[in-house]
Amino acid sequence: MPALTIEHVGGIAIVTIDLPGEPVNKVTAALRAEFAAVFQQIAGDATVRGVVLATGKADTWLAGADIDEFLTLQSAADARALSRSGQALLARLESLTVPVVAAIHGACLGGGLETALACHYRIASDHPKTVLALPEVQLGIIPGAGGTQRLPRLIGLQRALDLILTSRNVRGKRALQMGLVDELVHPAILRSVAIERANSLAAGARERRSPKGRGAAALLLEDNPIGRSVVFRKARQGVMEKTSGHYPAPLAAIEAVQTGYDRGAEAGYREESHRFGELAVSDVARELTFLFFATTALKKDPGAPSPAPDPVTVETLGVVGAGFMGAGIASIAVQQGTAVRLKDTDTRRVAHGLAAISDVLRERLKKKQLTRLQFDDALILAGGTTDYSGFGKAELVIEAVFEDLSLKHRIIREVEPLLHEGAVLASNTSTLPIGRIAEVAQRPNRVLGMHFFSPVHKMPLLEVIVTPATDADAIVTAVAYGKTLGKTVIVVNDAPGFYTTRTLSAYMNEAGRLLDEGASIEAIDRALLAFGFPVGPITLLDEVGIDVGGKVGETLFGAFGARMSPSESLRRVVESGRTGRKGRLGFYRYDAEGTKGDVDPSVYELVPHGAQRREIEGDEITQRCVLAMVNEAARCLEEGVLRSPRDGDVGAVFGIGFPPFRGGPFRYVDAVGVEQVVDELEQLNGRFPGRFEPADLLVDHARGRARFYPPRGKGP
Ligand code: 3HC
């Protein structure tokens with residue numbers, strides 16, 4: 001069945017894209033061939049006065065190049081050729097003598113937006129599903145079908161760089177404001193307006209393009225070579241600050257855009273293809289593409305073995321504990337239309353929690369991510385209580401109180417009798433085993449963990465923790481609701497620290513041991529930043545809270561023994577009462593607003609200093625911290641805490657900051673080679689007995705020369 005159908009309305013050919021049997025429209029090799037044939041047919045048909053390019057799908061116009069196809073590319077030359085043929089196809093579209101109107105409804109991404117850019121006029125539907133973006137750099141590549149050349153010429157250099165470098169989603173109104181589309185209409189009239197515009201363009205009654213004003217300052221900067229060189233320099237600086245040079249795609253995109261300005265469009269297109277070719281087969285693109293497929297697969301994973309029961313829709317959510325986490329969870333829940341009852345011990349705390357919800361919503365309102373109506377609708381859904389009133393209606397209750405088992409037990413005893421039998425009772429613990437928390441429950445089968453990460457409205461991961469007793473319908477309800485809240489959800493089996501906290505602790509503990517041995521705070525943070533973590537482990541400890549880190553450390557030491565024994569240095573800093581950023585004093589100094597300064601010199605009184613200090617090479621710091629984490633991740637898989645390497649990789653990248661361009665701990669082992677990882681662990685274990693004993697799973701893999709993922713492809 002063809003993907004393209006043509007319907008003639010008067011002299012207008014309406015070309016509808018609808019890839020048979022696929023949930024989205026994407027640019028496959030077959031679609032490219034069909035487009036080429038259709039363009040030829042239109043060029044040869046004198047009765048066609050204009051064209052409308054429309055979609056037959058409900059939610060996508062065109063979602064870009066077929067990412068599956070990238071996995072089959074064998075060389076940079078193959079990828080370059082793919083880009084060149086895409087460019088040629090769109091040049092053919094652009095050069096059609098009849099006007100082509102893009103009638104955009106749904107996702108218009110990557111090569112999809114590039115197709116729209118080659119059309120002569122763009123109309124978008126004013127619908128939340130209509131989003132325009134160039135997400136290529138998120139996949140480790142750059143737009144390869146002319147996007148780096150056409151976009152700046154249409155909307156201006158700075159705006160184009162912003163879209164290309166951030167992969168930002170642009171919705172209808174904003175797209176119209178910046179001139180990315182020419183008109184915005186209700187979906188119901190998209191088709192008729194598009195036909196009308198094609199007719200009037202054909203009659204010469206309308207301008208083919210209407211680039212929107214960019215403002216005098218932008219014009220002054222962009223319309224001369226000196227101004228542009230300032231823009232390019234700033235863009236490069238910004239990329240380096242954000243990525244520390246780990247991601248080559250944004251720099252390559254800037255290069256392609258600049259070449260087009262400096263040496264003309266033809267050179268720009270060639271540069272674009274050349275860079276696309278190199279990047280498409282790079283390791284970074286492979287890992288980022290893996291993460292795309294892994295997160296896409298998790299969207300469809302119900303969280304329980306099939307046949308999985310249907311989830312219950314959560315209309316009312318009870319949240320116990322109006323602190324930072326409780327209010328954070330409530331703030332994202334109300335935005336999804338859930339009524340929230342926020343419970344704490346006194347009205348002052350409840351009021352504080354409600355104010356925190358309102359702050360999150362207000363920030364979104366300010367950034368225009370919410371309309372005033374959406375803001376009001378969300379805010380009204382948040383209600384406070386000191387006596388659990390309204391909890392009887394809740395399908396889900398999340399307890400987000402302090403990490404103290406007896407307190408959590410008290411909450412369960414209080415709240416459970418008030419709930420209906422089918423309600424799910426979740427704990428937002430980051431460390432305590434759910435089985436222990438559920439010990440006092442009347443219905444332990446309804447208890448599970450929902451580990452959100454801080455700040456809840458920004459962090460993309462949710463770790464759902466289940467015990468052997470947890471009912472499948474409770475699991476699928478928690479997972480489905482996590483997805484409703486916009487989270488990527490992994491399901492793990494119960495154990496102290498589950499997956500994310502446990503692996504992170506192994507890593508942080510090793511950083512602590514390095515402090516014990518006399519390494520400097522700055523050297524430790526610098527080394528792990530250079531590896532690609534967003535912040536170093538000592539800074540992270542300040543962020544999480546040194547007191548919290550201390551408590552987690554104790555719990556995991558109790559559970560796993562010597563291998564997780566907290567470092568002396570960390571113990572002393574915890575005991576000193578420093579809490580990190582929230583207390584404005586930790587390993588680093590913070591100003592009144594909480595902005596981080598330098599290391600506080602007086603903290604060295606608590607850790608080895610003076611003659612006890614010694615220089616430890618950055619490579620050794622990285623190796624020890626990263627391998628401690630990787631080894632613990634392998635143990636989690638071996639013990640069945642993790643269901644798959646995929647969950648482990650996604651969990652580490654989205655939950656604890658493992659560098660995305662390395663794919664995750666298991667992808668990292670595959671990239672380095674499991675034999676080498678085991679070898680390095682054994683050597684370290686010789687130096688630090690008991691701490692680096694390689695996980696059996698790694699040893700078995702090394703013996704069998706096995707990998708966690710096949711050498712190419714989407715992975716298991
Ligand atoms: N290529 C291949 N498969 C794609 C795809 C693409 N561009 N876009 C979506 N899919 C697949 C998904 O893998 C999934 O497959 P499955 O059913 O076999 O698991 C299916 O389509 C449905 O996708 P989602 O589950 O993600 O559906 P949603 O409705 O939640 O989201 C979407 C739809 C917003 C289009 C989202 O899928 C998305 O963001 N896709 C990626 C878009 C993208 O990155 N495009 C740029 C590609 S690179 C490019 O264009 C290069 C060019 O410059 C040359």
Side-chain angles (χ1 to χ4, degrees), residues 3 17-32 35 55 57-73 78-91 104-118 127-151 163-164 166-171 249 252-253 256-257 269 272-277 279-281 285-286 288-302 483-484 486-489 646 713-715:
I17 319 165
D18 193 351
L19 240 67
E22 292 286 346
V24 302
N25 285 329
K26 52 187 177 176
V27 188
T28 58
L31 184 64
R32 284 196 300 276
F35 263 128
T55 177
K57 303 275 187 227
D59 294 339
T60 7
W61 192 71
L62 194 49
D66 180 5
I67 304 172
D68 291 271
E69 216 175 274
F70 296 166
L71 302 172
T72 65
L73 294 169
D78 277 0
R80 195 166 54 239
L82 183 69
S83 160
R84 286 306 269 175
S85 80
Q87 287 176 349
L89 188 67
L90 294 187
I104 306 165
H105 174 74
C108 174
L109 306 173
L113 180 54
E114 291 175 297
T115 305
L117 291 173
H127 189 278
K129 288 280 182 192
T130 300
V131 283
L132 296 89
L134 289 176
E136 283 87 346
V137 299
Q138 269 179 3
L139 295 168
I141 54 173
I142 63 170
T148 64
Q149 306 305 307
R150 286 195 182 92
L151 188 63
L163 290 199
I164 295 170
T166 62
S167 298
R168 197 187 302 289
N169 276 342
V170 183
R171 285 175 207 281
V257 173
Y269 281 110
E272 179 185 273
S273 290
H274 172 67
R275 297 295 180 140
F276 177 90
L279 292 167
V281 292
R286 204 166 20 249
L288 296 180
T289 306
F290 155 75
L291 287 171
F292 167 75
F293 284 122
T295 47
T296 304
L298 278 166
K299 283 195 221 167
K300 297 187 189 74
D301 187 336
K483 291 179 199 168
T484 303
K487 302 299 176 198
T488 294
V489 188
R646 175 201 71 188
K714 296 183 192 183

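In listed order, ligands and their atoms are each counted from 1. Computed from a predicted structure; not experimentally measured.
Scanning for side chain to side chain contact (heavy atoms under 4.5 Å, CB included) contacts around Thr166 gives Asp162, Arg168, with sequence neighbours left out. Scored by the ring-ring contact (aromatic ring centres under 6.0 Å, His included) test, His274 finds no partners at all (sequence neighbours excluded).
Contact annotation for Asp59 and ligand 1: no heavy atom of the residue comes within less than 4.0 Å of the ligand. Contact annotation for Thr296 and ligand 1: only side-chain heavy atoms (C-beta onward) come within less than 4.0 Å of the ligand. The side chain of Pro135, and not its backbone, has at least one atom closer than 4.0 Å to an atom of ligand 1 (non-hydrogen atoms only; side chain from C-beta on). Contacts between Glu22 and ligand 1 below 4.0 angstrom, taking non-hydrogen atoms only, are absent altogether.
Taking a cut-off of under 4.0 Å to the non-hydrogen atoms of Pro143, the atoms of ligand 1 that pass are 53 (O). Residue Gly64 has at least one heavy-atom neighbour below 4.0 Å for each of these atoms of ligand 1: 50 (O). With ligand atoms numbered from 1 in the order given, ligand 1 contributes 1 (N), 2 (C), 3 (N) to contacts under 4.0 Å with heavy atoms of Lys26. Every atom of ligand 1 is numbered from 1 in the order shown, and the set under 4.0 Å from a heavy atom of Asp68 is 2 (C), 3 (N). Counting the atoms of ligand 1 from 1 in the order shown, those under 4.0 Å from a heavy atom of Lys300 are 14 (C), 16 (P), 17 (O), 19 (O), 25 (O).
In this structure, a donor-acceptor pair under 3.5 Å is absent between the side chains of Asp18 and Thr55. For the residue pair Glu69/Thr28, the side-chain donor-acceptor check at 3.5 Å is not satisfied.
Here the side chain of Lys57 pairs a donor or acceptor atom with the backbone of Glu22 at under 3.5 angstrom.
Between Ala256 and Thr148 the shortest heavy-atom distance is CB-OG1, 3.8 Å.
Among the atoms of Phe292, none of the N or O lies under 3.5 angstrom from an N or O of ligand 1. Below 3.5 Å of separation, one finds an N or O of Glu114 facing an N or O of ligand 1. For Ala63, a nitrogen or oxygen atom sits less than 3.5 Å from a nitrogen or oxygen atom of ligand 1, counting backbone and side chain alike. Taking only nitrogen or oxygen atoms, main chain and side chain alike, Gly110 does not reach within less than 3.5 Å of ligand 1. For ligand 1, the polar-atom distance check against Thr60 finds no nitrogen or oxygen pair separated by under 3.5 Å.
Contact annotation: the side chain of Thr130 never approaches that of Trp61 to less than 4.5 Å [non-hydrogen atoms, C-beta and beyond]. The closest side-chain heavy-atom distance from Leu134 to Leu151 is below 4.5 Å. Counting only heavy atoms from C-beta outward, the side chains of Ile164 and Pro143 approach each other to under 4.5 Å.
Leu19 pairs in a side chain to side chain contact (heavy atoms under 4.5 Å, CB included) with only one of the listed residues (Asn25, Val24, Val27), which is Asn25.
Among Leu109, Val24, Val27, the residue whose heavy atom sits closest to atom 9 (C) of ligand 1 is Val24. Of the candidates Pro23, Ala280, Gly147, it is Pro23 that places a heavy atom closest to atom 20 (C) of ligand 1.
Heavy-atom separations between Gly86 and ligand 1 are all 4.0 Å or longer.
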Query raised in the report: Does the pair Glu272 and Gln149 meet the rule for a side-chain hydrogen bond (donor to acceptor under 3.5 Å, both in side chains), with working shown?
Result: CA-CA 8 Å; Glu272 179 185 273; Gln149 306 305 307; 4.7 Å; no

